[in-house]
Amino acid sequence: PDTDGGDTIRYQGMKIVGIGSLPTLNTFLDKPSIAADIARGTKAANVCGPVYVAWTIFDGQPDTTPFSSRIAFSTSEQGHCGTDWDRTFFISPPFKQNQGTAVAVDPRNGKIYLVWRHVYQPGGDGYPDGIVLVTSSDRGATFSAPKLITAKGFAPFDQPSISTTTDANHSTFRSNAFPTIAVDANRNVYVAIQEKTSPTGTNYPTGYYEPRIVIRASADGGTTWTQ
């Protein structure tokens with residue numbers, strides 16, 4: 001808000017960015033993410049920057065193994081302020097088991113960073129559990145080839161839901177390992193996700209692990225990563 005305690009958020013209408021959650025189309029849309037950039041190449045205060053939306057499209061039945069899903073992306077170009085959207089296109093091939101996108105924009109130059117979780121499933125595309133990255137330097141017109149930024153042995157912490165009717169003493173809510181991302185003004189990229197970690201010491205049984213939030217960082221625009 002631009003005034004202390006003031007209500008500056010106003011409903012200005014709705015636009016459909018993607019469609020597919022219909023039984024007749026046999027698809028399901030899930031977990032959208034959004035990011036907006038500043039207006040570039042102009043000093044006009046009334047020009048809004050581009051807006052980017054990514055989401056998951058499940059093809060067919062999501063409860064089957066292996067499931068099949070794609071990562072979709074669409075742009076509302078600079079000056080359109082979300083009133084118009086480019087056609088949807090897909091940026092996840094050759095990865096076929098995908099979910100949970102996160103988008104960030106480099107504040108220096110508008111470069112887009114998009115990450116999501118790839119889920120390993122027997123009989124699937126053959127890729128391991130991991131976090132996948134794509135980037136775009138032309139405001140979402142084209143993207144780099146998807147690549148895993150997690151190392152071999154990456155162990156996501158996925159907690160299944162357990163209802164009270166199944167186990168009254170150990171009920172849990174579902175919590176899957178989906179990434180989040182941020183980019184600072186020095187070209188540093190940060191991706192965080194919950195992972196399984198094995199604590200050190202002698203008081204833990206074999207195979208024991210705990211969930212931890214782990215951050216991966218890149219100081220060169222997403223080319224190399226450290227943990």
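Of the inter-residue distances, the one linking Phe89 atom CZ with Ile71 atom CD1 reads 12.5 Å to the nearest 0.5 angstrom. Put simply, OH on Tyr52 and OG on Ser33 are 13.5 Å apart, with the number rounded to the nearest 0.5 Å. The CD1 atom of Ile57 sits 7.0 Å away from atom CG of Asp59, with the distance rounded to the nearest 0.5 Å. Here OG of Ser69 is found 10.0 Å from CH2 of Trp116. Values are rounded to the nearest 0.5 Å. Taken to the nearest 0.5 Å, the CH2 atom of Trp55 stands 10.5 Å off from the CZ atom of Arg70. Between the OH atom of Tyr113 and the CD1 atom of Ile181 there is a distance of 8.0 Å, given to the nearest 0.5 Å.
In terms of hydrophobic clustering, with Ile, Leu, Val, Met, Phe, Trp and Tyr side chains grouped at heavy-atom distances under 4.5 Å, Val191 and Leu133 are assigned to a common cluster. Follow the hydrophobic side-chain contacts under 4.5 Å out from Val189 and you reach Ile131 in the same cluster. Note on Trp225: it does not cluster hydrophobically with Leu114, by side-chain heavy-atom contacts below 4.5 Å among ILVMFWY residues. The cluster map of Ile, Leu, Val, Met, Phe, Trp and Tyr, joined by side-chain heavy atoms under 4.5 Å apart, puts Ile193 and Leu148 in different clusters. No path of Ile, Leu, Val, Met, Phe, Trp and Tyr side chains, each step under 4.5 Å between heavy atoms, connects Tyr127 with Phe58, placing them in separate hydrophobic clusters.
Counting only distance, with no hydrogens or angles, the side chain of His118 and the backbone of Pro128 share a donor-acceptor pair below 3.5 Å. Counting only distance, with no hydrogens or angles, the side chain of Gln97 and the backbone of Pro66 share no donor-acceptor pair below 3.5 Å. Checked by atom type and distance alone, the side chain of Asn186 never pairs as donor or acceptor with a backbone atom of Asn188 at under 3.5 Å. Side chain of Thr42 to backbone of Ala44: a donor-acceptor contact under 3.5 angstrom is found. When atom types are taken as modelled, the side chain of Gln194 and the backbone of Phe157 share a donor-acceptor pair closer than 3.5 angstrom. Using modelled atom types, no side-chain atom of Asn176 and backbone atom of Phe178 make a donor-acceptor pair closer than 3.5 Å. With hydrogens and angles disregarded, a donor-acceptor distance shorter than 3.5 Å links the side chain of Ser76 to the backbone of Asp84.
In plain terms, the two heavy atoms of Ile91 and Pro146 that are nearest each other are O-CG, 3.2 Å. For Pro107 against Val183, the heavy-atom pair with the smallest separation is CD-O, 3.8 Å. Minimum interatomic distance between Pro179 and Gly100 (heavy atoms only, all atoms of both residues): CD-O, 3.5 Å. Minimum interatomic distance between Ser218 and Gly221 (heavy atoms only, all atoms of both residues): OG-N, 3.8 Å. Ser74 and Thr88 make their closest contact through CB-OG1, 4.3 Å (heavy atoms, listed as atom of the first residue, atom of the second, distance). Contact detail for Thr65 and Pro122: the closest heavy-atom pair is CG2-O, 4.3 Å.
For the residue pair Asp184/Tyr190, the side-chain donor-acceptor check at 3.5 Å is satisfied.
Within 6.0 Å of NZ on Lys96 lie no more than 12 heavy atoms contributed by other residues, nucleotides or ligands.
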Query raised in the report: Given Ile215 and Gln227, is the side chain to side chain contact (heavy atoms under 4.5 Å, CB included) satisfied, shown in steps?
Result: CA-CA 6 Å; Ile215 295 178; Gln227 177 173 307; over 6 Å; no
Requested in this report: Please report the C-alpha distance between Phe67 and Gln121 in whole Å, then the side-chain angles of each, then the deciding distance to 0.1 Å, and finally whether the side chain to side chain contact (heavy atoms under 4.5 Å, CB included) criterion is met.
Outcome: CA-CA 8 Å; Phe67 69 85; Gln121 289 206 310; 3.0 Å; yes
Query raised in the report: When you look at Ser136 and Asp138, which way does the side chain to side chain contact (heavy atoms under 4.5 Å, CB included) test go after all the steps?
Result: CA-CA 6 Å; Ser136 174; Asp138 54 11; 2.8 Å; yes
Query raised in the report: Does the side chain to side chain contact (heavy atoms under 4.5 Å, CB included) test come out yes or no for Phe154 and Lys196, once each step is laid out?
Result: CA-CA 8 Å; Phe154 166 73; Lys196 295 178 182 178; over 6 Å; no
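Considering only heavy atoms from C-beta on, Val105 stays 4.5 Å or farther from Lys111 through its side chain. Within the 4.5 Å cutoff, the side chain of Thr75 has no heavy atoms near those of the Arg139 side chain. Side-chain contact check for Pro32 versus Ile34: every heavy-atom pair is 4.5 Å or farther apart.
Salt-bridge formation is not detected for the pair Asp220/Arg187: no Lys NZ or Arg NE/NH1/NH2 atom is positioned less than 4.0 Å from an Asp or Glu carboxylate oxygen.
In summary, the aromatic rings of Phe143 and Phe73 are positioned with their centroids under 6.0 Å apart.
When each of Asp129, Asn98, Thr56, Thr101 is checked for a side chain to side chain donor-acceptor pair (under 3.5 Å) with Arg117, only Asp129 meets the rule.
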